Protein chains: 2
Amino acid sequence: MFEKQTLRTIVQALQQYSREAKDIFDNAMASSSNEVIVLAEDLVQYALEVAEVFPMNKRFAGFIDYKRARWSPFVSGLMPQVLLVDAKASKENNRDTLQRSQLPMDAEFRKSDGSIGKLAAGVPGHLEIPSATSEPIYAVTTTILVHYYYKDNLTGMPPFRDLQSIYVLAVPHGRLKDRYNPDPDTTFFGEGKHSSARNEDPRIRVYFSRLKKACPWRLQELKFLPGHDFSSPRWREGESLEEEILLPFSYLPR
Amino acid sequence: MFEKQTLRTIVQALQQYSREAKDIFDNAMASSSNEVIVLAEDLVQYALEVAEVFPMNKRFAGFIDYKRARWSPFVSGLMPQVLLVDAKASKENNRDTLQRSQLPMDAEFRKSDGSIGKLAAGVPGHLEIPSATSEPIYAVTTTILVHYYYKDNLTGMPPFRDLQSIYVLAVPHGRLKDRYNPDPDTTFFGEGKHSSARNEDPRIRVYFSRLKKACPWRLQELKFLPGHDFSSPRWREGESLEEEILLPFSYLPR
DNA sequence: ATGTGGCCAGTAAGGCCGATT
DNA sequence: AATCGGCCTTACTGGCCACAT
């Protein structure tokens, strides 16, 4: 529920900013082939920073695009949370690649040759935040992916791109492994994008269809339709698989 | 004066955040050799975003680390400004390398073989911001570099690095070319870091000593001294080369 | 010793394409 | 025609080294 609430807020923020996002994304001059990556990162920041809740006085640096320690409103009160959002730009619309440092759950999956692939989580389940008063605070980690799916406009004239949709994924917390990846054959993970031949750092893929099957609301799509904008609500409840594990007060690090 | 005022504010923000900055920079685990780059970017963001002034409802995306359109307090009133800050992390402490997209002034300099090197500005002098009311607003562009100068700690034990100082440079606006780079032999620019042999995109260097000579206050240094923190003011007035060109109200794009 | 030039190296982040279902 | 696996390309950022003062 906590992750769901977070995802819902983020989707709404992205939606509200979607018109300008598409405008910027499509029309930004291609100063380099790298452009879309930077655009995605900036757009995520713009959309989310207006929606920030009670910030905590804690900063940390690292490889994740958007990250905030904050007090997040939850049904049962304010929850200390570390929100980690990674921006992706891609011409594919069925999967995302994660670095280990972006993986919140120990993953295992069946490889094509029948063997088992594994990748240990790189994102800790919580962060310990020193408190001025007494006990340190344990802030639960929440991992979100924002995936800008686009096509090139080959005419060479603006708009240079056509942003098709924005996928937003809530990657389950490591504690939810029992539910989402109890064994190598039950998972939404798949082989990574790295080249093992070149000894690159292993990566891993998240497949949209399988994540959606496991839990519909964890895969949201903001789809750009010609002549249609996002003034209307777009949250998709998915089915009613809402009995998400409650982390809040029962949550203590181990 | 406008750029000076801006630089002063930024230096102060960086200074206030310098203690935590050093802590994070020195101790962050080296998850990759790229780490310092990300650290520098994040630290600049953390330091500056608390000091933001009246934001303008305008966003743009691109290759610059920290960028804001805002109304900046100035002696004669509020000035529309586009602040562009680029974060650098380096083991050198005498120069910075700029991409063309970070260069606010058409640059020319004498090359070692006697010929003249040139690089056209990639940063526009101003941005036109559509106004709800009537005339568009022209926001002056201000380019700042924040350079984290560090050394490695080779013991392999934390702290992994030793942040020596933070240099903050105000790169003159393109309009000030007459003063700062009237001819190829009068400049703080120098040959870039690109490999011409490999046909890389040309870059250009800004040399600290020469910039300082041309205008002392444009090169500020926050130096970390053992056992000393930054509780005291550190703005260095430099000499009294304060007769900076006044852009404000006389400023209109051409 | 420093100041300059400039060749490379390491690290993302995806584009793509060929092999499978 | 989609789904996967995975090799390789591109660009970004500085580390570093060789000369020249």
Side-chain angles (χ1 to χ4, degrees), chain A residues 30-41 62-65 86-102 109-113 115 117 145 147-152 188-210, chain B residues 30-41 62-65 86-102 109-113 115 117 145 147-152 188-210:
Chain A
S31 47
S32 94
S33 71
N34 230 6
E35 182 98 22
V36 290
I37 300 173
V38 184
L39 292 176
E41 292 166 357
F63 285 88
I64 284 162
D65 297 325
D86 214 77
K88 308 281 184 188
S90 173
K91 294 181 174 174
E92 294 187 329
N93 63 119
N94 62 326
R95 52 183 176 176
D96 262 333
T97 298
L98 300 190
Q99 311 280 339
R100 201 177 83 83
S101 61
Q102 301 165 346
F109 56 93
R110 180 74 54 184
K111 305 179 73 161
S112 50
D113 66 3
S115 67
L145 304 179
H147 180 290
Y148 291 79
Y149 165 53
Y150 73 102
K151 292 181 175 164
D152 275 336
F188 50 82
F189 291 117
E191 187 61 44
K193 203 171 198 170
H194 59 285
S195 161
S196 29
R198 301 179 150 211
N199 250 64
E200 298 178 355
D201 278 351
R203 286 182 278 175
I204 197 168
R205 279 191 173 105
V206 170
Y207 282 88
F208 292 4
S209 58
R210 281 188 265 155
Chain B
S31 47
S32 94
S33 71
N34 229 7
E35 181 99 21
V36 289
I37 300 174
V38 183
L39 292 176
E41 292 166 357
F63 285 90
I64 284 161
D65 297 325
D86 214 76
K88 308 280 184 188
S90 173
K91 294 182 175 176
E92 293 187 329
N93 62 114
N94 63 326
R95 53 185 176 176
D96 263 332
T97 297
L98 300 190
Q99 312 279 338
R100 200 176 85 82
S101 62
Q102 301 164 345
F109 56 92
R110 181 72 57 183
K111 306 179 70 161
S112 49
D113 65 3
S115 67
L145 304 179
H147 179 291
Y148 290 79
Y149 165 53
Y150 73 100
K151 291 180 176 166
D152 275 337
F188 50 81
F189 290 118
E191 188 60 44
K193 204 170 197 170
H194 58 287
S195 161
S196 29
R198 302 176 151 212
N199 248 63
E200 298 179 355
D201 280 349
R203 287 182 279 175
I204 198 168
R205 280 192 173 105
V206 169
Y207 282 87
F208 292 3
S209 58
R210 283 189 265 154

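Lettering of chains follows the sequences in order, A, B, ..., and the numbering in each one begins at 1. Source: prediction; values computed, not measured.
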Check your understanding: What's the NZ-P distance between B:Lys151 and D:dC16, to the nearest Å?
Key -> 14 Å
Practice item. Would you mind classifying the nucleic acid contact of B:Ser195 as base, sugar-phosphate or nothing, using non-hydrogen atoms under 4.0 angstrom? Key: base
Point to revise | Residue whose closest nucleotide on DNA chain C lies nearer the 5' end, A:Gln102 versus A:Arg205 | key: A:Gln102
Study note, to complete from the structure: Nt span of DNA chain C in reach of chain B heavy atoms at under 4.0 Å, 5' end first, is C:dT4 to C:dA12
Practice item. Using a 4.0 Å heavy-atom cut-off across all strands, classify A:Asn34 as base, sugar-phosphate, or nothing. Key: sugar-phosphate
Exercise for review: State the CD1-CG distance between A:Ile37 and A:Asp65, to the nearest 0.5 angstrom.
Suggested key: 10.0 Å
Study note, to complete from the structure: When every non-hydrogen atom of B:Arg205 is compared with those of B:Lys193, the smallest separation belongs to NH2-CG, 3.2 Å
Practice item. Kindly determine whether A:Lys111 and A:Glu191 satisfy side chain to side chain contact (heavy atoms under 4.5 Å, CB included), including the steps that lead there. Key: CA-CA 7 Å; A:Lys111 305 179 73 161; A:Glu191 187 61 44; 3.2 Å; yes
Review point. Can A:Ile204 and A:Thr97 be said to form a side chain to side chain contact (heavy atoms under 4.5 Å, CB included), step by step?
Key: CA-CA 6 Å; A:Ile204 197 168; A:Thr97 298; over 6 Å; no
Exercise for review: May I ask you to say whether A:Asp201 pairs ionically with A:Arg203, meaning some side-chain N is under 4.0 Å from a carboxylate O?
Suggested key: no
Exercise for review: Identify whether any heavy atom of A:Lys193 sits under 4.0 Å from a base atom; if not, whether one sits that close to sugar-phosphate; answer base, sugar-phosphate or nothing.
Suggested key: base
Check your understanding: So what does A:Phe109 touch, heavy atoms closer than 4.0 Å: a base, only the sugar-phosphate, or nothing?
Key -> nothing
Practice item. Could you check whether B:Thr97 gets within reach of a base, just the sugar-phosphate, or nothing at all, counting any heavy atom under 4.0 Å? Key: nothing
Exercise for review: Give B:Tyr150 one of three labels, base, sugar-phosphate or nothing, depending on what nucleic acid heavy atoms sit under 4.0 Å from its own.
Suggested key: sugar-phosphate
Point to revise | d(CG, B:Asp96; P, D:dG14) in whole Å | key: 9 Å
**Study point:** Closest nucleotide among D:dG6, D:dC8, D:dG14 to the A:Arg203 side chain
**Key:** D:dC8
Check your understanding: Is a donor-acceptor pair below 3.5 Å formed from side chain B:Glu200 to base D:dC12, judging by atom type as modelled?
Key -> no
Practice item. Apply the test side chain to side chain contact (heavy atoms under 4.5 Å, CB included) to residues B:Ser101 and B:Gln99: give CA-CA distance (whole Å), side-chain angles for both, the deciding distance (0.1 Å), then the verdict. Key: CA-CA 5 Å; B:Ser101 62; B:Gln99 312 279 338; 3.7 Å; yes
Review point. Rounded to the nearest 0.5 Å, how far does CZ of B:Arg110 lie from OG of B:Ser115?
Key: 8.0 Å
Revision key, fill the gap. When rounded to whole Å, the CG to C1' distance for the pair A:Asn199 and D:dC8 reads 15 Å
Review point. Under 4.0 Å between a side-chain N or O of A:Tyr207 and OP1 or OP2 of D:dG5?
Key: yes
Practice item. For A:Glu92 and for B:Arg95, find the nucleotide of DNA chain D with the closest heavy atom, then tell me which residue's nucleotide is more 5'. Key: A:Glu92
**Study point:** Distance test, side-chain N/O of B:Gln99 to OP1/OP2 of D:dA11, below 4.0 Å
**Key:** no
Review point. Under 4.0 Å between a side-chain N or O of A:Arg198 and OP1 or OP2 of D:dC8?
Key: yes
Exercise for review: Describe the nucleic acid contact of A:Lys111 in one word from base, sugar-phosphate, nothing, applying a heavy-atom distance below 4.0 Å.
Suggested key: nothing
Check your understanding: Does the side chain of B:Tyr148 get closer than 4.0 angstrom to OP1 or OP2 of D:dG14 through an N or O atom?
Key -> no
